[in-house]
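Taking it in order: structure first as structure tokens, then the write-up.
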Amino acid sequence: MKPIIWLAAAAAALVWGQEKASPDAAIKNVELTVYLLSGTQAAASDDVPQDLASTVKQLHSVFSYKSYKLSDSLVLRGRPGDTAGTSGILPESGLHYNFGYRRVQVSGGKPYMVHIDFLHIALSSPISRDGKVINNNELASITTSLDLAEGQKTVVGKSSFNNAGDALILVIVPKVIE
Amino acid sequence: MNCEVCQPLLGSGERSDAVEEHLRACPECQAVDRDLSANAIALETLRSEAMPALVMKIPRRRPYGWVAAAAAAGLLIGMLAPRNAPPVRRAVSSHLNKTEPLRIKMLTPDPDVVIYWIVESPQGE
Amino acid sequence: MTVAELALPAVASDSPDGFERAVAEHQQMVQRVAYRLLGRLEDAQDAAQEVFLRLYRNRNRVRPDPKAWLYRVTVNVCRDQLRRRRTVALEDRSDAAPDPERALAMEERKRLVVEGLATLPERERAAVVLRDIEGLSTAEVAEILGVEEVTVRSHVSSARLRLAKYVRSRL
């Protein structure tokens, strides 16, 4: 009996050790809520949801853009270690976007840290012929790796993504789903 | 009063009785007065013209590299604005890989908001 | 790669070293003044870089509101640049050819006024830029330029008249 008990104990210890070393195992998904904003010199009032009011307040205090506007929002869910992406069309401008990342990992305890490798967004303008889209002209893109705290709003942006000199801004809010 | 005396006074914005009296009788000075007024409006509108983004160059061989980097990053933050000018021609940093975009992380007074700003290095510099 | 991590001061901060805030507040003004004094955007950006580098080096000696100091240094930096260059350049405005058929609209007048600025003597240009574009008082302009108020009034008057003549002659 002793060898069986020893093996069972060893197996249990092994499983327990693996779970402790890999918190991802307990985590089903990482959900990113992403808001696509533009910062512009147009003297207008901000057009963003109430959730982003405090974020936009900080943007006003740092940058000299006169107003911020929400272009679109998306939710992307993926499993730790996996690649995920999505695409869409911005309602007002008709620009196409591709958003995604190569890999997402989670560490720590609640609130978790979410590590995103090669987060990428690209905005493009479709080129059509005879009513069919034959190509896309990339206007702007952002590629970066990030460490985000769960529940925190992380802003990623760059200036002058179009002829008007507007800023392309993402506000990313990660959530870990267990 | 003659035009030689009146026009410098008009230029200074002085409208004494003597100036007004001369203006009433002098079409040439009236024309100058109209141009001065219109030009004043034109000059004032130049005040609200937006300037393009300004990207600072980190000076080479600073003794305190991290101070220079922080200063340049701070200047960059302060200068980011929409632009309508030709592409930026100056790299932000002379000691980083010139093809790699720079990323500046800003911790705001709101603990729930963190900003990362991406600056692309110009091609070929 | 992250260049730097910065802790931004609170919006209502009175920190004496609010350098980043000063830059955010005044970079438009510095560039604008430099642009009107030098006539070329690239030169204005060079000048603005120099101005803010000087501000950074002197940040502990400059008052919390550095606006007057920035005006003065901007004028001085531009003056140095002009002395090296000798002439005021004008941006290529070939896409804004004058239209003599049209009545002189404000945009056309603005274009001619900007052109005329480049033809002014340096001291008159500085005085009229600070007084009529930046909207500073005669006393403030005198302090920035380091001259008497009567000198400012004289320069401004002369500049305005030259501009009026320049615009009128191109009607």
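Below, read A as the first sequence line, B as the second, and so on, with proteins coming before strands; counting in each chain starts at 1.
Looking at A/I169, the atoms closer than 4.5 Å to chain B (heavy atoms on both sides) all sit in the side chain, from C-beta outward.
Other residues, nucleotides and ligands contribute at most 12 non-hydrogen atoms within 6.0 Å of the CD atom of A/E92. The environment of B/R47 atom CZ is dense: over 12 non-hydrogen atoms of other residues, nucleotides or ligands sit within 6.0 angstrom.
Scanning for side chain to side chain donor-acceptor pair (under 3.5 Å) contacts around B/D112 gives an empty result, with sequence neighbours left out. When the side chain to side chain donor-acceptor pair (under 3.5 Å) test is applied to A/H115, the partners found at least two apart in sequence or on another chain are A/S107, A/D147.
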Please output the side-chain donor-acceptor pairs of residues 3-17 of chain B that fall under 3.5 Å, not counting sequence neighbours, one pair per line with the distance.
residue	atom	partner	partner atom	Å
B/S12	OG	B/P8	O	3.1
B/R15	NE	B/E20	OE2	3.1
B/R15	NH1	B/D33	OD1	2.7
B/R15	NH1	B/D33	OD2	3.2
B/R15	NH2	B/D33	OD2	3.1
B/S16	OG	B/V19	N	3.3

Checklist line | Trace of the side-chain contact (heavy atoms from CB on, under 4.5 Å) decision for A/V173 with A/L32 | finding: CA-CA 6 Å; A/V173 187; A/L32 300 181; over 6 Å; no

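The stretch residues 66-75 of chain A places none of its residues near chain B, where near means some heavy atom under 4.5 Å from a heavy atom of that chain.
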